[in-house]
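See structure below.
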Amino acid sequence: MNIYADNAATTKMSPAAVEAMTYCISEYWGNPSSLYAIGQRAKEKLEEARAQIASIINAEPREIIFTSGGSEADNQALLTAAMIGLKKGHKHIISSAFEHHAILHTLKKLEKNGFEVTLLPVHENGIVRLDELEAAMREDTCLVTIMTANNEIGTIQPVREIGELCRKRGIIFHTDAVQAVGHLPIDVKAQFIDMLSASAHKFHGAKGTGFLFCRKGIPLSNLIEGGAQERNKRAGTENLPGIMAMAAALKESVENMDAHNAHKMEIRDKLIAGLSKIPHSALNGDPKQRLSGNVNFSFEGIEGESLLILLDQRGISASSGSACTSGALDPSHVLLSIGRIHDVAHGSLRLSIGEDITDDDADYIISNVGEVVAYLRSFSPVWRDLMTGKREFIL
Ligand SMILES: *Cc1c(COP(=O)(O)O)cnc(C)c1O
């Protein structure tokens, strides 16, 4: 048995994406900035990919800047809004407590440079509240950055409503949509989005490729200075193989989005129902307003890392948080943000399923997680304390 259930960390490239990439490498290897035919042929492909991606999110081609991935797009978006804010003396930023580190660490850097950051709570269900967002908005707020869907617990934020609140007040709204693009419908106009980050390897494209949508009229700031690529806003010879693969992967993902989501949702709900039967366990995040592929559970009295290793031995690839935090001993900031205390946050499991998951896979996961949790509890000192009443159960 081999079940890959870590699609939130990365996805396998789709055959269409691999084909687009190899086709590019052999046929369109020229430098898009070169004026001779070989270069111009590559340039055409670059612009074709840009137009295709733009139309999928209802943007204009010139509003798409290619980047090295989601982290770079997040960094550039935040820097852009900060530079615009600085010119007006607006140095207040609103975000949420459970953003990806690409956002949180960039916000920390901005704080060191005189910006003030308000992190909205996300509550037990993992969703920001609009009244709290509105109350946090100030005259000097230059940016609201709230992710479309969380990478650990999969909860989906009310993006259109957030965008509308920001648009009314003239505040720039950025969303890290890395977990959403290719998985949820995105319409930057209807959702009042000013900037949006995406990453190809989260929707079956290649790692090291992503894009930033930036609404026309918003002057982008550069992270990388150099040549005139990307309308002078992102220097460096374009990663055309990655970009062509990204366009192919995105096209395929959105064409199959409804069917994939329906299938994954069915399996997700089966996994949630099955894992809920494990005593002293709890689902993390809202049960319904979450990505179709995300299941995140906490099990009392165990260590998530041990659970992962034993599941790996049984052919199940999963995660205990995000790839960026596993290996570190700190419990996930996302789980802490929804009120899980340290001990419980440590014993957590994220399954992020793909469209290839089967009903049999779900049965296998449910029975194996149940067995492994019971086994780990059989020699866990924390579990013994819980059972003997020395410690109180939380879940
Ligand atoms: C994966 C991820 C990122 C980082 O994207 P990279 O392309 O790996 O840099 C940012 N935000 C979220 C929500 C993610 O899931």
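Atoms within each ligand, like the ligands themselves, are counted from 1 in listed order. What you see is a predicted model, and the numbers here were worked out from it, not measured in a lab. In what follows, every heavy atom counts, from backbone to side chain, and hydrogens, waters and symmetry copies are set aside.
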Polar atom proximity, A149 to ligand 1 (N or O, under 3.5 Å): no
Nearest neighbour in protein (non-hydrogen) for atom 11 (N) of ligand 1: D176 OD2, 2.7 Å
Crowding at CD, E164 (>12 non-hydrogen neighbours, <6.0 Å): yes
Whether H105 and H101 hold their rings parallel, tilted or perpendicular, with breakpoints at 30° and 60°: parallel
Ion pair D131/R129, N-O distance below 4.0 Å: no
Contact atoms of ligand 1, heavy-atom distance to H201 under 4.0 Å: 6 (P), 7 (O), 8 (O)
Distance from atom 7 (O) of ligand 1 to nearest protein heavy atom, with residue and atom: S199 OG, 2.6 Å
Worked verdict on D140 versus K91 for salt bridge (charged side-chain N to carboxylate O under 4.0 Å, His left out): CA-CA 6 Å; D140 63 341; K91 295 170 79 172; over 6 Å; no
Ligand-side contact atoms (ligand 1) for residue partner G69, heavy atom cut-off under 4.0 Å: 7 (O)
Identity and distance of the protein heavy atom lying nearest atom 6 (P) of ligand 1: G70 N, 3.5 Å
W383 and F393 aromatic ring geometry - parallel, tilted or perpendicular at 30°/60° bounds: perpendicular
Heteroatom proximity flag, N151 to ligand 1, N/O under 3.5 Å: no
Transitive ILVMFWY side-chain link I153 to L104, under 4.5 Å: no
Contact partition for K202 relative to ligand 1, non-hydrogen atoms under 4.0 Å: side chain
Within 6.0 Å of CD in E124, more than 12 heavy atoms from elsewhere: no
Nearest non-hydrogen protein atom, atom 12 (C) of ligand 1: H100 CD2, 3.4 Å
Best match, S68, S71, A73: closest heavy atom to atom 9 (O) of ligand 1: S71
Y364 side chain near D360 side chain, heavy-atom distance below 4.5 Å: no
Sub-4.0 Å atoms of ligand 1 with respect to non-hydrogen atoms of M147: 13 (C)
